[in-house]
Amino acid sequence: VRLTVLGCSGSAPGPNAVTSGYLVEAEDFRLVLDLGGGTLAKLQTHTDPFDLGAVLLSHLHLDHCADISGLAEYRRGHPEPPFDPREHRLPVYAPEEAPRRLAAAHAPSAEHRADTDLGDVFDFRLLAHGTVRIGPFEVTAAPVSHPCPAFGFRIGYGGRTLVYSGDTAPCAALVELARDADALLADSAWLSGANPPNLHMSGKEAGQTARQAGVRRLLLTHVQPWIDRSTVLAEAAAAFGGHTELVEQGASYSP
Ligand SMILES: [Zn+2]
Ligand SMILES: [Zn+2]
């Protein structure tokens, strides 16, 4: 499994730092986890948007799904597509309200919204707690703790396991999902302190989650652009006690 970070700036972009999106590849199959603002540009430095096998959206905050709109335009509007994008619609696994909310974000007016739906190029599939086969991957989705329907993903391939927390506060569901994983890509949005509940993890909480789950490696992501990254790393590493690193936009990892 190869994980490439398209973007990892938490909640909002930073200077030249785009929001959440990850490319996961194995056996020439390409899965995208989240497609926040800016990530479609970064994706094209790695692969053709027509080469995607599926998209998984952890939840519908725009820092995780805004570029769905651009991807629809790209697949619809390309003058020489490698195949008919309306006959081979891209599977998009997402929470329940995704087709309606993403179409509303995409359409410029109520009038357009009445006849513009993203279902011509996307095959929306409802995310639910459970395991599905997506290309060569075994993907388990589990609800996590965020102010809206939000999922974490456990992705298995060839005996290796990558877990992505999505956006979540610390929760038992994430510990269970990440049990004995090779790598946990974890929301570590902020520093420990007086943070609002049920929203994100601090570096320390990401580290505690990694330790409880017994993962081999902790990859920190979604650090907000106004937060000191080195302190997040130090907090997480101290709480975990194992291999811990901050992921970097454009970098690839082999869980
Ligand atoms: Zn987010
Ligand atoms: Zn969120």
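Indexing begins at 1, ligand by ligand and atom by atom, following the structure's order.
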Inset, instruction - Determine which pairs satisfy side chain to side chain donor-acceptor pair (under 3.5 Å) with at least one residue from residues 230-250, sequence neighbours left out, and list them in order. - result: S192-E235, R217-E245, D228-S230, D228-T231, H243-E245
Inset, instruction - Scan side-chain atoms only and decide if D167 and H222 contain a donor-acceptor pair under the 3.5 Å cut-off. - result: yes
Legend entry - NE2 (H59) to the Zn ion (ligand 2) to ND1 (H61) angle, given to the nearest 10 degrees: 90°
Legend entry - Atom of D63 nearest the Zn ion (ligand 1) (restricted to N/O/S, atom name only): OD2
Inset, instruction - Report the name of the N/O/S atom of D167 located nearest to the Zn ion (ligand 1). - result: OD2
Inset, instruction - Answer yes or no for H146: is there an N/O/S atom below the 2.8 Å cut-off from the Zn ion (ligand 2)? - result: yes
Legend entry - Gap separating the CG atom of L218 from the CG atom of L246, nearest 0.5 angstrom: 9.0 Å
Legend entry - H129 (side chain) donor-acceptor with A142 (main chain) under 3.5 angstrom: no
Legend entry - D84 atom CG: more than 12 heavy-atom contacts under 6.0 Å: yes
Inset, instruction - Kindly confirm whether the Zn ion (ligand 1) is within less than 2.8 Å of some N/O/S atom in H200? - result: no
